[in-house]
Amino acid sequence: MSSEGTNFIRARIDADRAVGRHGGAVRTRFPPEPNGYLHIGHAKSICLNFGLARDYAGTCNLRFDDTNPTTEDPEFVDGILADVRWLGFEPDAVLYASDYFEQLYLWAEQLVRDGKAYVDDQDLEEIRATRGTVTEAGTPSPCRGRSPAENLDLLRRMRAGEFVDGAKVLRAKIDMAHPNMKMRDPLMYRIRHAHHYRTGDAWCIYPMYDWAHGQSDALERITHSICTLEFANNRELYDWFTEALGFEEPPKQLEFARLNLTYLVMSKRFFKRIVEEGRVDGWDDPRMPTIAGLRRRGVTPEAIRAFAEHVGVAKANSTVDLGLLEWFVRDDLNRKAPRRMAVLDPLEVELTGLPAPLALDAPEFPRDVRDLPGAPPEGVDWQAVRTVSMGSRLLIERSDFAAEPPPGFRRLVPGGLVRLRHGPVVRCDAVERDAAGEVTRLRCAVVDDPEARPRGVIHWVDAASAVRVKVKLYDRLFAVPSPGERTGELLDDLNPHSLVVADGWAEPSVAAAGPGSRLQLERHGYVYRAPQDEGADLVLTLVVGLKDVWAAKEEGVVLSDEPEEDEVDPAQVAAEQARIKADARTAHFLEHPDAESAFTALTTAGASDDAAWTIATDATLRSLAETASAHAPPGAVGTWIANVLVNELKMREASAEGVDGVALGRLVALVEDGTLSAALGKKVLAVILDEGGDPRAIAEARGWVQVSDAAALEAVVDAVLAAHPDEVARYRAGEAKLAGFLMGQVMKASKGKANPGVARGLLDAKLG
RNA sequence: UGACCCGUGGUCGAAUUGGCAAGACGUCUGGUUCUGGCCCAGAAGGUUCCAGGUUCGAGUCCUGGCGGGUCAACCA
């Protein structure tokens, strides 16, 4: 199992395996449509699906969902396959929905024969108009009543190409008044005389997503079909199709929240637009959140995988801070990228006191990198040292000198000392300026005093040996955390400085770093040299900058004030809520007098309003309560039905129909007279629901009798207290919440049989 | 105002299925340091959306409300 904890999908898989579904196998798939490039959001899905297959020793297919010939392109299938492999996953099979067209068609004929699908002659507008709205039912097509034989003939002629595009469609025959719009006779096939990149001209009808997807999953014997939240409404249809075709152990669809990141949008359409408008340099522009873009930026697959695992999988819409992705990129590169020095905005330094050029040994990594968690990367010699020469003419970063330093400035100042990284400490003796007052050159002297206390350490390059580098300083694509929010136009929020090219100088060994290598330019960030050089120049791209506490402080990031919360009086809220509830109830009772009498009867018998309402508005529960009330106090029966029974039924997805009212009443009586505690009563109820029977007999057969005897419970309480001395001490030290924990232990020790009231009294007394 | 899904520190997200509200990022201290990086130690930050109910005990169950998302392509 992954070290990154659990999530609802894993919980579901564990539960399915526990009951032996699919023989405990896990088969997933990643199903992109080849109509664009994959982005970081897809990476999350890829890591999820392939990660599940890996952790459960299952399989994961890559399946191209290529059911729409007009948008798809083989260019994208190649790109997608390359991206998946680059991320580090090898599909167990590379498959295409288009390979299933024949089977899909055969199944469609089957549904037609079964009267579960029909051919509709209505055009696009008519279908749209008769679908209804979210609050109004749709109206059936005039073609809905066609006979299976006629439909079959029409479908075959559709396939044979007798009709023009849009003339006819095949629809599932479900329910035009269904509250879920996806179930209002959804389309299965449309006519499209178009060339498909794989099936060529073999077909002129193409399956819709809903029809193709679940059946493709079933063909591949997928166990868990994982998709994003927006398909949740489609699940009912997914299940309808697999049910209609009668698959055994059909695949089950599970939906999770797609990844959103601040400073980014994850929209294929927007990507397409900025690529076409030339605002970025293609789908793989290093500013793009596409996998290809991240790769060209120099981000490693390891960083993406670690990020994807970390953000987790849930059903709540959420937006992850882009800073988190950047953190994972740094964390990975910190251990992999050899250190180098480069000056991007040079200021000349004339160094005196150097008798001859120095040859300095500079380690590839600082010592402490070795102590990082995780093994050192392969192929990196941690002891490696490169030689850096230092002559009398140096270049330092312009921002590393300040004639008038701000407080806390730990770099070069007139008359001040700094260490030149891997080299000597120097003192700034003179500052040369041009006519405009701009600093043009510094004169510094080597300070040969081992006691010297420099203000800080700065990097440098030797002017005589430095090589020219062009560093593409990439920044976030958007300037604001939520693009498009201000004006509704994404382009308005594009970061104008997302690409700044710096012409700098680097120590010579930077040129020796091979194509495809990653380095840390010390005090700047991590850079990447493209596998293919762009020209004669040495070009590096900034993958991500180093964390920079100083720059953040300089910018003076001001945290916004806490928004003032309006003071609300809970009592007032409660009163208001009660009024709303009461109003709704009176309105309901106006039309349902029987509900009102039941409600009144239950509340006067002592049930709470909520419990009474739950029962009074449900005919089945109402008659159940009536039957049960012959054997136990009606108020208690009401409370039990509303709070315990309803929950149990919900968990087993069962209805109240057929529940034994007499047994229920007797059960409540047993709880009321103290024979059973509430917890034991719940267990007995579960048995009644599962296999039926008399509550007393069930309880006796299993020894489920509440223990109220103080002496017997005292022994249990003593044992628990003795077994948890730390918790007892913490409780006595003031951690009141530990009482709940200890009480839980007592209940557990008594196998749930302790009378909670008595046990609690004992416990409280002993804890003092 | 139909159906479905979702509300847990600033941001993500766990919680053994009713029993001590994890962890990470971010923030703030301090230490270390020849990278203002990394690392180490510590801290702050929560009425688990709200109100009722059930229970010895509720983030978890029930009822209602509020807020957000998705669905009315011959896209996926």
Side-chain angles (χ1 to χ4, degrees), chain A residues 5-7 31 33 35 65 67-68 71 123-124 127-128 131-136 138 165-166 169 178-182 184 187 189-192 208-209 213 229-236 255 257 262 310-312 314-321 323-324 327 330 334 339 366 368-369 371-372 408 410-411 419-423 454 456-459 520 522-523 546-551 553 559 568 570 573-574 576-578 580-581 584 608-611 613-614 639 642-644 646-647 650 678-679 727 730 735 737-745 747-748 756-757 759-761 763:
Chain A
T6 184
N7 57 52
E33 183 189 12
N35 69 346
D65 224 339
T67 56
N68 185 353
T71 56
D123 65 25
L124 200 143
I127 288 176
R128 192 176 295 168
R131 188 149 24 219
T133 69
V134 290
T135 53
E136 300 161 54
D165 286 5
V169 291
H178 202 287
N180 179 354
M181 301 276 313
K182 295 285 182 198
R184 317 246 260 230
L187 273 55
Y189 278 100
R190 73 284 217 191
I191 299 173
R192 194 129 305 171
M208 302 289 293
Y209 165 84
H213 201 87
L229 244 31
E230 65 269 27
F231 291 98
N233 292 338
N234 301 54
R235 187 179 59 236
E236 200 172 1
E255 312 90 23
T262 55
H310 180 88
V311 295
K315 302 192 78 154
N317 291 303
S318 58
T319 303
V320 176
D321 192 332
L324 189 64
W327 184 87
R330 287 191 201 102
N334 180 42
R339 313 292 135 117
D368 51 20
V369 171
D371 300 330
L372 285 172
R410 307 220 309 248
R411 307 173 187 183
R419 177 173 299 280
L420 298 175
R421 174 121 241 232
H422 306 303
V457 181
I458 65 172
H459 63 274
Q520 185 197 98
E522 291 201 71
R523 305 215 298 134
L546 256 26
K547 181 180 169 187
D548 193 343
V549 175
W550 176 248
K553 200 167 286 181
L559 292 167
V568 284
V573 174
E576 172 70 3
Q577 294 268 326
I580 292 171
K581 271 188 190 179
S608 71
D609 284 8
D610 285 343
W613 173 252
T614 302
T639 301
N643 287 294
V644 185
V646 168
N647 180 29
K650 187 183 166 194
E727 283 78 5
R730 279 164 59 203
E735 282 189 65
K737 65 189 173 188
L738 267 313
F741 166 76
L742 292 167
M743 181 64 193
Q745 295 303 311
M747 294 306 292
K748 207 165 280 177
R760 187 65 191 238
L763 186 66

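In what follows, chains are A, B, ... by sequence order, proteins preceding strands, each numbered from 1. As the structure is a computational prediction, the values presented were derived from the model and not from experiment.
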Pairs: protein N or O with nucleotides 53-55 of chain B N or O, under 3.5 Å:
from: G53(B); atom 1: O2'; to: Ser608(A); atom 2: OG; distance (Å): 3.3
from: G53(B); atom 1: N2; to: Asn643(A); atom 2: OD1; distance (Å): 3.2
from: U54(B); atom 1: O4'; to: Asn643(A); atom 2: ND2; distance (Å): 3.4

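- Which of C25(B), A72(B), C38(B) sits closest to the side chain of Lys547(A) comes down to C38(B).
- The partner of U63(B) is A51(B), judged by Watson-Crick or G-U wobble contacts that both fall below 3.5 Å.
- Close to U33(B), at under 4.0 Å from its OP1 or OP2, lies no side-chain N or O of Arg523(A).
- Stacking is found between Trp550(A) and the pyrimidine-like six-membered ring of the G36(B) base under the 5.5 Å centre-distance and 30° plane-angle cut-offs.
- Considering only side-chain atoms of Lys581(A), the nucleotide from C75(B), U63(B), G19(B) that sits closest is U63(B).
- Among the protein residues, Thr67(A) comes within range of the sugar-phosphate backbone only, with heavy atoms under 4.0 Å from sugar or phosphate atoms but none that close to a base.
- U60(B) sits 12 Å from G7(B) when the P atoms are compared, rounded to a whole Å.
- Where Ile580(A) and Leu187(A) each meet RNA chain B at their nearest nucleotide, the meeting point lying more 5' is that of Ile580(A).
- Separating the C1' atom of U27(B) from that of G45(B) is a span of 9 Å, rounded to the nearest Å.
- Distance noted for atom C1' between C56(B) and G65(B): 29 Å (whole Å).
- Partner assigned to A15(B) is none, using Watson-Crick or G-U wobble distances below 3.5 angstrom.
- Contact between the side-chain N/O atoms of Lys182(A) and the OP1/OP2 oxygens of U70(B) is not found at any separation under 4.0 Å.
- Among the atoms of the strands shown, base atoms are found under 4.0 Å from some heavy atom of Met747(A).
- Nearest nucleotide to the Gln520(A) side chain, out of G19(B), A21(B), U35(B): U35(B).
- Side-chain contact between Asp321(A) and Trp327(A): absent, with no pair of heavy atoms (C-beta onward) separated by less than 4.5 Å.
- Within 4.0 Å of Gly408(A), counting heavy atoms only, lies at least one base atom of the nucleic acid.
- Of the listed nucleotides (A72(B), C12(B), A76(B)), C12(B) has the atom at the smallest distance from the side chain of Val311(A).
- In the interface, the side chain of Gln577(A) is paired with the base of G64(B) through a donor and an acceptor atom under 3.5 Å apart.
- When heavy atoms are screened at a 4.0 angstrom cut-off, Gly740(A) is found touching base atoms of the nucleic acid.
- Side chain of Lys650(A), nearest nucleotide from C74(B), C62(B), U35(B): C62(B).
- Using a 4.0 Å heavy-atom criterion, one finds that Glu576(A) contacts no nucleic acid atom at all.
- Base contact: Gly166(A) has a heavy atom under 4.0 Å from a base atom.
- Backbone-only engagement by Val549(A) is indicated by non-hydrogen atom pairs under 4.0 Å involving sugar-phosphate atoms exclusively.
- Closest approach to the Glu33(A) side chain among G57(B), C74(B), A76(B) is made by A76(B) (side chain taken as heavy atoms from C-beta onward).
- Counting any heavy atom pair closer than 4.0 Å across all strands shown, Phe231(A) reaches a base atom.
- Listed nucleotides A51(B), U27(B), C12(B) differ in distance to Val573(A); the shortest reach to its side chain belongs to A51(B).
- In this structure, A43(B) forms a base pair with U27(B), meeting either the Watson-Crick or the G-U wobble geometry with both donor-acceptor distances under 3.5 Å.
- Using modelled atom types and a 3.5 Å distance limit, the side chains of His459(A) and Arg523(A) yield a donor-acceptor pair.
- Remark: the separation of the C1' atoms in U8(B) and G67(B) is 15 Å, to the nearest Å.
- Look at the C1' atom in both U47(B) and G37(B): the space between them is 40 Å, to the nearest Å.
- As the counterpart of U70(B), A3(B) is assigned, both hydrogen-bonding distances of the Watson-Crick or G-U wobble pattern falling under 3.5 Å.
- Residue-level contact check: Gly456(A) touches neither bases nor backbone, having no heavy atom under 4.0 Å from any strand.
- Here the nucleotide nearest the side chain of Arg421(A), chosen from C74(B), U1(B), C34(B), is C34(B).
- Whole-Å rounding puts the Trp327(A) CH2 to G26(B) C1' distance at 12 Å.
- Atom P of C61(B) sits at a distance of 15 Å from the matching atom of A14(B), rounded to the whole Å.
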Review point. Between Arg190(A) and Asp165(A), does a salt bridge (Lys or Arg N to Asp or Glu O under 4.0 Å) hold up when you go through it step by step?
Key: CA-CA 8 Å; Arg190(A) 73 284 217 191; Asp165(A) 286 5; over 6 Å; no
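- At a threshold of 4.0 angstrom between heavy atoms, the contacts of Arg192(A) include nucleobase atoms, whether or not backbone atoms are also involved.
- Residue contacts for Arg184(A): at a heavy-atom cut-off of 4.0 Å it reaches no nucleic acid atom on any strand shown.
- Side-chain contact annotation: Glu33(A) with Thr71(A), donor-acceptor N/O pair under 3.5 Å present.
- The base of G57(B) lies outside donor-acceptor range of the side chain of Arg760(A), with no N or O pair under 3.5 Å.
- In this structure, of C74(B), A76(B), C38(B), it is A76(B) that holds the atom nearest to the side chain of Asn68(A).
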Exercise for review: Step by step, work out the salt bridge (Lys or Arg N to Asp or Glu O under 4.0 Å) result for Glu236(A) and Lys182(A).
Suggested key: CA-CA 8 Å; Glu236(A) 200 172 1; Lys182(A) 295 285 182 198; over 6 Å; no
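- Taking every heavy atom of both residues into account, Met743(A) and Ala759(A) meet most closely at CE-CB, 4.1 Å.
- Across the P atoms, U11(B) and G18(B) are found 29 Å apart, a figure rounded to whole Å.
- Going from the C1' atom of G30(B) to that of A51(B) covers 45 Å, rounded to whole Å.
- Side-chain proximity of Pro366(A) to the nucleotides U70(B), U35(B), A73(B) is greatest for U35(B).
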For nucleotides 3-9 of chain B, give me every protein contact, N/O to N/O, under 3.5 Å, one pair per line with atom names.
none

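- In this structure, NZ of Lys737(A) is placed 17 Å from C1' of G18(B), rounded to the nearest angstrom.
- Here Thr319(A) does not reach the OP1 or OP2 of U11(B): none of its side-chain N or O atoms lies under 4.0 Å away.
- At a threshold of 4.0 angstrom between heavy atoms, the contacts of Arg131(A) are confined to the sugar-phosphate backbone, with no base atom among them.
- Of the two residues near RNA chain B, Glu735(A) and Ile191(A), the one whose nearest nucleotide lies more 5' is Glu735(A).
- Within the 4.0 angstrom heavy-atom criterion, no nucleotide atom of any strand lies near Asp165(A).
- Atom CZ of Arg128(A) and atom P of C71(B) are 15 Å apart (whole Å).
- No hydrogens or angles were tested; on distance alone, a donor-acceptor pair under 3.5 Å links the side chain of Glu727(A) to the base of C20(B).
- Counting any heavy atom pair closer than 4.0 Å across all strands shown, Asn7(A) reaches sugar-phosphate atoms only and no base atom.
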